2 protein chains.
Amino acid sequence: MAHEVEHRSLARYLEEHSLKRTKQRDAILEVFLEATGHITSEEIYKRVQKEHPGIGYTTVYRTMKLLCDAGLANERRFDDSVTRYEIAQEHHDHLVCVRCGKIVEFECRMIESSQEEIAARYGFQVLRHRHELYGHCESCREQRETPPSSEA
Amino acid sequence: MAHEVEHRSLARYLEEHSLKRTKQRDAILEVFLEATGHITSEEIYKRVQKEHPGIGYTTVYRTMKLLCDAGLANERRFDDSVTRYEIAQEHHDHLVCVRCGKIVEFECRMIESSQEEIAARYGFQVLRHRHELYGHCESCREQRETPPSSEA
DNA sequence: ATAGATGCAAATGTTTTGCAGGAAA
DNA sequence: TTTCCTGCAAAACATTTGCATCTAT
């Protein structure tokens with residue numbers, strides 16, 4: 001099984017904070033780590049259900065919050081009012097296709113430095129930022145006569 | 001009374017779409033135009049109430065949607081899950097103070113062109129974007145011992 | 001044994017919708 | 001007098017919380 005590092009990292013976090021390791025937390029972590037990226041709470045819930053029916057929505061929310069606190073996950077909210085989680089990693093921004101829901105990550109030093117400059121100009125100290133480009137991805141542009149497949 | 005242009009523009013939109021001009025719509029437009037910027041639905045509702053008690057929340061929401069359709073307002077949603085409205089204008093981005101809620105608008109050609117370049121790299125056609133820098137504004141940095149005044 | 005976790009149901013907060021009555025054209 | 005609006009109450013959503021019960025430690 002892959003993800004040993006993350007499993008150990010969660011175990012350590014739980015221990016350090018005198019929290020308990022439960023089958024629910026393991027199951028949710030497993031599903032989260034196996035997702036390709038930007039998974040919603042609902043999707044996590046549904047996937048967890050398959051293997052462990054009975055685990056509640058509440059526990060999914062609480063556990064994802066825990067994974068964020070432990071530094072394993074990051075919360076993201078794009079323009080559709082649902083929270084998505086991604087595996088914690090270097091800072092980056094997103095391209096979101098408004099037709100098929102595809103999400104691509106990117107990183108741009110040039111933009112980062114422009115941000116610093118702008119913040120300084122207005123006297124702001126930047127803690128974090130959010131930068132999303134919404135549009136049509138390549139494949140959606142190619143078949144633009146087709147109606148949206150699974151808006152996200 | 002200022003805002004004649006906007007009032008006329010709304011009237012024209014209503015006419016073109018066979019919609020009706022009502023005292024509620026006028027009142028809400030008036031409050032919206034008099035706000036300095038980035039006003040929430042709740043705030044619009046409360047201000048409208050002062051002059052016109054009886055106007056409902058529903059009408060505020062519906063009218064703001066109408067103003068957006070008419071191109072007079074733009075909807076914005078920052079990290080706090082409430083919708084804000086700003087007077088429609090040239091595209092721009094935002095600096096948001098996480099302590100006092102202050103919002104500053106900025107515009108940066110350099111960033112815009114970097115965005116184009118990135119989108120092209122991934123085959124995306126950008127329709128719109130969202131770019132927000134969250135941090136501490138100058139005055140909040142100065143008195144950083146003080147607890148947050150009105151988190152927004 | 002005991003602190004902490006779970007799952008249900010109910011609450012939350014924001015926005016939307018159904019509908020019967022009311023106002024603009 | 002017809003079409004569109006309004007306001008209320010209820011519904012919709014996504015997420016959170018209270019609480020009695022259960023379970024790692």
Side-chain angles (χ1 to χ4, degrees), chain A residues 7 10-29 31-32 38-46 48-49 51-70 73-85 101 151-152, chain B residues 7 10-32 38-46 48-49 51-70 73-85 151-152:
Chain A
H7 277 280
L10 176 62
R12 185 155 52 79
Y13 182 87
L14 294 175
E15 229 177 293
E16 284 168 356
H17 295 255
S18 356
L19 301 174
K20 290 168 181 171
R21 182 166 183 180
T22 64
K23 57 175 72 61
Q24 287 90 336
R25 287 176 176 173
D26 275 353
I28 292 166
L29 174 60
V31 164
F32 168 62
H38 306 100
I39 191 171
T40 60
S41 317
E42 187 189 8
E43 193 54 38
I44 294 172
Y45 172 73
K46 287 199 287 197
V48 166
Q49 280 287 308
E51 291 294 316
H52 306 265
I55 290 186
Y57 237 119
T58 313
T59 304
V60 171
Y61 278 114
R62 285 194 280 227
T63 302
M64 290 316 297
K65 199 136 285 187
L66 175 69
L67 297 187
C68 290
D69 291 345
N74 281 143
E75 238 184 61
R76 297 275 179 187
R77 209 175 327 242
F78 299 116
D79 270 1
D80 59 354
S81 74
V82 291
T83 301
R84 282 161 209 276
Y85 300 93
E151 190 72 31
Chain B
H7 276 282
L10 176 62
R12 186 156 51 79
Y13 181 88
L14 294 175
E15 230 177 291
E16 283 168 356
H17 295 255
S18 354
L19 301 175
K20 288 167 183 174
R21 181 165 184 181
T22 63
K23 56 175 71 60
Q24 288 90 334
R25 289 177 174 172
D26 275 354
I28 293 167
L29 174 60
E30 195 58 25
V31 163
F32 167 63
H38 306 101
I39 189 171
T40 62
S41 316
E42 187 188 8
E43 193 53 38
I44 293 172
Y45 173 72
K46 287 198 287 198
V48 166
Q49 280 288 307
E51 291 294 315
H52 306 264
I55 290 186
Y57 237 119
T58 314
T59 304
V60 171
Y61 279 113
R62 286 195 280 228
T63 302
M64 291 316 295
K65 199 137 287 191
L66 175 71
L67 296 187
C68 289
D69 291 346
N74 281 143
E75 239 185 59
R76 297 273 178 189
R77 209 176 324 244
F78 298 116
D79 270 359
D80 59 354
S81 75
V82 292
T83 301
R84 281 161 210 277
Y85 300 92
E151 191 72 29

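Reminder, nothing fancy here: chain letters follow the sequence lines and each chain counts from 1. Since we're looking at a predicted model, the values are computed, not measured.
- How far OH of B:Tyr13 is from CG of B:Asp69: 4.5 Å, rounded to the nearest 0.5 Å.
- Distance OH (A:Tyr57) to P (D:dT16): 12 Å, rounded to an integer number of Å.
- For the atom pair B:Ile44 CD1 and B:Tyr57 OH, the distance stands at 9.5 Å (nearest 0.5 Å).
- In this structure, A:Gln49 places its CD atom 9 Å from P of C:dG7, rounding to the nearest Å.
- Here B:Thr22 reaches the OP1 or OP2 of D:dT6: one of its side-chain N or O atoms lies under 4.0 Å away.
- Nucleotide D:dC5 holds its C1' atom 14 Å from the CG atom of B:Leu10, rounded to whole Å.
- Between A:Phe78 and A:His38, the angle of the ring planes lies from 30° to 60°, which puts this pair in the tilted group.
- The side chain of B:Thr83 contributes an N or O atom lying less than 4.0 Å from OP1 or OP2 of C:dT15.
- Contact check, B:Gln24 against D:dG7: a side-chain N or O comes under 4.0 Å of OP1 or OP2.
- Note on the helix from C:dA1-D:dT25 to C:dA25-D:dT1: angle between the axes of the first and last five pairs equals 20°, rounded to 10 degrees.
- Considering only side-chain N and O atoms, A:Tyr61 lies under 4.0 angstrom from the phosphate OP1 or OP2 of D:dT15.
- Look at A:Arg25 and you'll find a side-chain N or O under 4.0 angstrom from OP1 or OP2 of C:dT6.
- Atom-to-atom, CG of B:Leu19 to P of C:dA23 comes out at 19 Å; the value is rounded to the nearest Å.
- No N or O donor and acceptor, one from the side chain of A:Arg21 and one from the base of C:dG4, sit under 3.5 Å apart.
- Note: B:His17 NE2 to B:Leu66 CG = 9.0 Å, rounded to the nearest 0.5 Å.
- Straight-line distance from the CZ atom of A:Arg62 to the C1' atom of D:dA14: 15 Å, rounded to whole Å.
- Considering only the side chain of B:Lys65, C:dT16 comes nearest among C:dT16, D:dT6, D:dA14.
- For B:Glu15 and C:dA24, the CD to P distance is 16 Å, given to the nearest whole Å.
- Going from atom CG of A:Leu14 over to atom P of C:dA3 covers 18 Å, rounded to whole Å.
- For the pair A:Thr58 and D:dT15, the criterion of a side-chain N or O lying under 4.0 Å from OP1 or OP2 is not met.
- At the phosphate of C:dT15, OP1 or OP2 sits under 4.0 Å from a side-chain N or O atom of B:Ser41.
- Other residues, nucleotides and ligands contribute more than 12 heavy atoms inside 6.0 Å of the CD atom of B:Glu75.
- Judged by distance alone with a 3.5 Å cut-off, no donor-acceptor contact links the side chain of B:Lys20 to the base of C:dA23.
- Between B:Thr59 and D:dG7 there is a side-chain polar atom (N or O) within less than 4.0 angstrom of OP1 or OP2.
- Atom P of nucleotide C:dA3 and atom NE2 of A:His17 are separated by 19 Å, given to the nearest angstrom.
- Distance check: A:Thr63 OG1 to A:Leu67 CG gives 6.5 Å after rounding to the nearest 0.5 Å.
- The line from OH of B:Tyr85 to CZ of B:Arg76 is 13.0 Å long, rounded to the nearest 0.5 Å.
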Checklist entry - Does the pair A:Leu19 and A:Arg25 meet the rule for a side-chain contact (heavy atoms from CB on, under 4.5 Å), with working shown? => result CA-CA 11 Å; A:Leu19 301 174; A:Arg25 287 176 176 173; 4.0 Å; yes

